[in-house]
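Below: one structure, written as structure tokens.
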Amino acid sequence: MSKPSIPQGTRDFSPAEVRRRQYIFNTLRTIFELYGAQPLETPSMENLTTLMGKYGEEGDRLIFKILNNGLHEKKDADKDKLNSEWNNVLSRPYSTPVVTERALRYDLTIPFARYVVMHQNDIAFPFRRYQMQPVWRADRPQKGRYREFWQCDVDMVGSTSLINEAELLCIYQTAFQKLKVPVTIKVNSRKLLAALADLCGMPEKMIDITVALDKLDKIGWVGVANELKERGIAEDGIWQIEKVINVKGTNDEKLVAYADIMQHSAVGMEGINELGKTLAYYRSLEFGIGDLDSDNGREENIVVDISLARGLNYYTGVIVEVVCSSEAVKMGSIGGGGRYDDLTGLFGLKGVSGVGISFGIDRIYDVMEELDVFPKQLVEGTKAMLVNFGGENETYALQILQQLRAANIAAEIYPDAAKFDKQMKYANRRGIAYVLLPGDEERQKNMVSVKNFETGEQKMMSVGEAVISLQS
RNA sequence: GAGGUUGUAGCUCAGUUGGUUAGAGCAUCAGAUUGUGGUUCUGAGGGUCGCGGGUUCGACCCCCGUCAUCCUCCCCA
């Protein structure tokens with residue numbers, strides 16, 4: 001017999017882990033609802049055509065595909081087709097509806113876009129939804145990277161107002177403040193990255209530039225410059241980029257400096273303008289809170305960072321990324337998002353702009369564990385256990401049991417009339433607060449002994465008194 | 001896709017230059033204690049040493065292959 005195991009990159013969640021995860025979900029859900037978002041759920045699997053080509057070449061490779069059922073039942077003609085297609089599948093990256101036509105959800109944004117297009121007539125725009133569901137990626141698992149993990153997304157579609165961007169920043173701030181995770185929120189605009197490519201005189205190289213620039217934190221400017229060179233950016237262009245990333249100062253100062261450098265790039269000026277407006281809206285929202293601890297309010301952890309380049313292909317405007325700012329924690333981004341001007345256009349609905357953010361809750365969980373910021377009292381399990389003495393005492397215990405539950409006290413009976421110390425040990429391991437002893441003497445007096453498992457104190461009382469004392 | 005790490009009891013891990021019957025802690029079960037838990041004490045069960053091949057008189061140990069695992073790069077949450 002082989003040892004049982006679970007697929008690579010997946011995890012079981014123990015009772016205590018589920019409680020902590022639910023704490024995160026509940027915290028986020030409360031905030032999402034507070035901001036007027038509505039819940040949405042979509043299927044675990046989508047048609048492969050819905051997902052393919054939406055996440056870039058790398059993304060396509062990481063989509064978990066589902067093998068079609070009943071392949072062996074194909075008729076002769078179909079079987080020939082299947083055989084030739086199968087050879088294609090084996091010889092190169094290739095997929096075909098003959099072999100696979102469904103795939104597991106890769107993120108929550110594309111399914112949301114699909115939903116919006118399918119239900120456009122039923123939706124009151126602007127439409128703001130939140131969604132908390134697992135997604136799957138056929139990636140190599142490692143620290144902070146799983147093949148099955150959960151995302152919590154909030155997106156707003158049908159509005160181009162930068163108020164939305166500002167509100168999403170507020171949601172990030174509030175959420176991580178509630179969860180007690182110190183974060184830095186990096187903000188950039190895809191339009192500034194386009195402007196950089198303009199400055200180099202190579203607008204078609206925007207992707208190459210952003211991919212290289214994204215590594216600035218890791219490999220430093222020299223490393224980035226080398227990579228830019230390898231990717232075919234001219235010396236003069238690299239010098240322009242260096243000038244931009246060398247800009248230091250407050251967010252406002254940076255935007256002013258960028259405006260000076262990019263004054264001849266229409267798209268650059270547009271991006272700068274949008275970032276400025278987003279921050280202005282954000283300040284208005286934050287000002288309403290009234291507990292600003294400095295002139296900057298809660299802005300000191302929001303940083304305009306031109307080296308931020310989110311990988312997803314569909315972002316067009318403001319982009320954000322959240323990282324834990326604690327030195328002690330080594331973890332990649334724990335959230336990200338941005339504006340996509342024409343997401344639903346992929347599915348035929350033009351002119352609907354959206355903006356959204358995502359929480360990577362598995363990584364947030366890991367970070368919270370490391371920081372030890374989960375509330376201590378999350379376990380609200382069984383409060384009282386009835387010892388089972390068997391026979392008539394068992395019947396008596398069952399009657400008490402339902403009276404406890406009727407009074408909203410989480411209670412259980414040890415189901416077997418096992419040896420006394422075994423039952424006590426079990427209650428101890430479960431961390432149950434009270435043990436009730438309905439034995440011969442108690443039953444005859446119509447009473448029950450209540451033992452406090454923390455203090456060891458024990459007292460015989462009527463069932464009614466027991467209910468009242470356990471309710472407090 | 002590339003590179004590295006580690007696979008020994010249910011779990012966490014020891015195991016000497018290759019040498020007789022592979023150990024410990026925790027967990028489980030039984031007993032000291034058939035109505036009093038946490039701390040003790042005693043005893044018991046539990047292993048194809050990841051799998052397959054090779055070297056050797058002899059392999060948990062050395063070699064080759066394979067699978068699994070974790071980590072790094074790429075990319076991402």
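Naming: A, B, ... by sequence-line order, numbering from 1 per chain. Computed from heavy atoms alone, side chains included, the values below leave out hydrogens, waters and symmetry copies.
One interatomic measurement links the two molecules: CD1 of Ile207(A) to C1' of C76(B), which rounds to 15 Å at whole-angstrom precision. For Glu58(A) and C74(B), the CD to C1' distance is 7 Å, given to the nearest whole Å. Distance Ile63(A) CD1 to C76(B) C1': 14 Å, rounded to the nearest Å. Across the protein-nucleic acid pair, Ile110(A) atom CD1 and A77(B) atom P stand 13 Å apart, rounded to whole Å. Look at CG on Asp214(A): it is 14 Å from C1' on A77(B), rounded to the nearest Å. At whole-Å resolution of the value, OH in Tyr146(A) and C1' in C75(B) are 17 Å apart. In this structure, CD of Glu230(A) is placed 12 Å from P of C74(B), rounded to the nearest angstrom. Across the protein-nucleic acid pair, Arg140(A) atom CZ and C71(B) atom P stand 12 Å apart, rounded to whole Å.
Counting any heavy atom pair closer than 4.0 Å across all strands shown, Gln151(A) reaches sugar-phosphate atoms only and no base atom. Residue Val211(A) is classed as a sugar-phosphate contact, given heavy-atom separations below 4.0 Å to backbone atoms only. Within 4.0 Å of Phe359(A), counting heavy atoms only, lies no atom of the nucleic acid at all. Ser358(A) comes within 4.0 angstrom of no nucleic acid atom, judged by non-hydrogen atoms across all strands.
To the nearest 0.5 angstrom, Tyr55(A) atom OH is 8.0 Å from Arg137(A) atom CZ.
Remark: Lys422(A) is not in phosphate contact with A30(B), judged by side-chain N or O atoms under 4.0 Å from OP1 or OP2. Dashed line: the shortest gap from a side-chain N or O of Gln142(A) to OP1 or OP2 of C70(B) is not under 4.0 Å. Taking only side-chain nitrogens and oxygens, Gln8(A) never comes nearer than 4.0 Å to OP1 or OP2 of A68(B).
For the C1' atom pair drawn from C13(B) and U21(B), the interatomic distance equals 22 Å after rounding to whole Å. Annotation: G7(B) and G54(B) have their P atoms spaced 24 Å apart (nearest Å). On the C1' atoms, C76(B) is 32 Å away from U12(B), given to the nearest whole Å. To the nearest whole angstrom, the two P atoms, one in G18(B) and one in G3(B), are 29 Å apart. C67(B) and U20(B): their P atoms are spaced 34 Å apart (whole Å). Comparing the same atom, P, in U66(B) and in U56(B) gives a spacing of 23 Å after rounding to whole Å. For the C1' atoms, the distance linking A9(B) with A22(B) amounts to 11 Å, nearest Å. U36(B) and G46(B): their P atoms are spaced 33 Å apart (whole Å).
Ring geometry for Tyr23(A) against Phe374(A) counts as perpendicular: the plane angle is over 60°, on a 0 to 90° scale with 30° as the lower cut.
Here Phe149(A) counts as stacked on A77(B): its ring centre is under 5.5 angstrom from the base ring centre and the planes meet at under 30°.
Arg128(A) forms no cation-pi arrangement with Tyr35(A), by the criterion of a distance under 6.0 Å to the ring centre and an angle within 45° of the ring axis. Taking the centre and axis of the six-membered ring of Phe13(A), the NZ or CZ atom of Arg21(A) falls inside the cone set by 45° and 6.0 Å. By the 6.0 Å and 45° rule, Arg147(A) does not stack over the aromatic ring of Phe64(A).
Between the side chain of Thr316(A) and the main chain of Asp341(A), a donor-acceptor pair closer than 3.5 Å is present. For the pair Asn251(A) (side chain) and Val304(A) (backbone), a donor-acceptor distance under 3.5 Å is present.
In terms of position along RNA chain B, the nucleotide closest to Gly9(A) lies nearer the 5' end than the nucleotide closest to the other residue of the pair Asp362(A) and Gly9(A).
A 3.5 Å limit on both hydrogen-bonding distances identifies C73(B) as the Watson-Crick or G-U partner of G1(B). Here C11(B) sits opposite G25(B) as a Watson-Crick or G-U wobble pair (both hydrogen-bonding atom distances under 3.5 Å). The partner of U66(B), taking Watson-Crick or G-U wobble pairs whose two distances both stay under 3.5 Å, is G50(B).
Using modelled atom types and a 3.5 Å distance limit, the side chains of Glu148(A) and Thr10(A) yield no donor-acceptor pair.
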Going 5' to 3' through nucleotides 35-41 of chain B and flagging B where a protein heavy-atom sits under 4.0 Å of the base, S where only the sugar-phosphate is that close, and - otherwise, we get BBBB---
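Residues Tyr172(A) and Ile302(A) are not in side-chain contact: their nearest non-hydrogen atoms beyond the backbone lie 4.5 Å or more apart.
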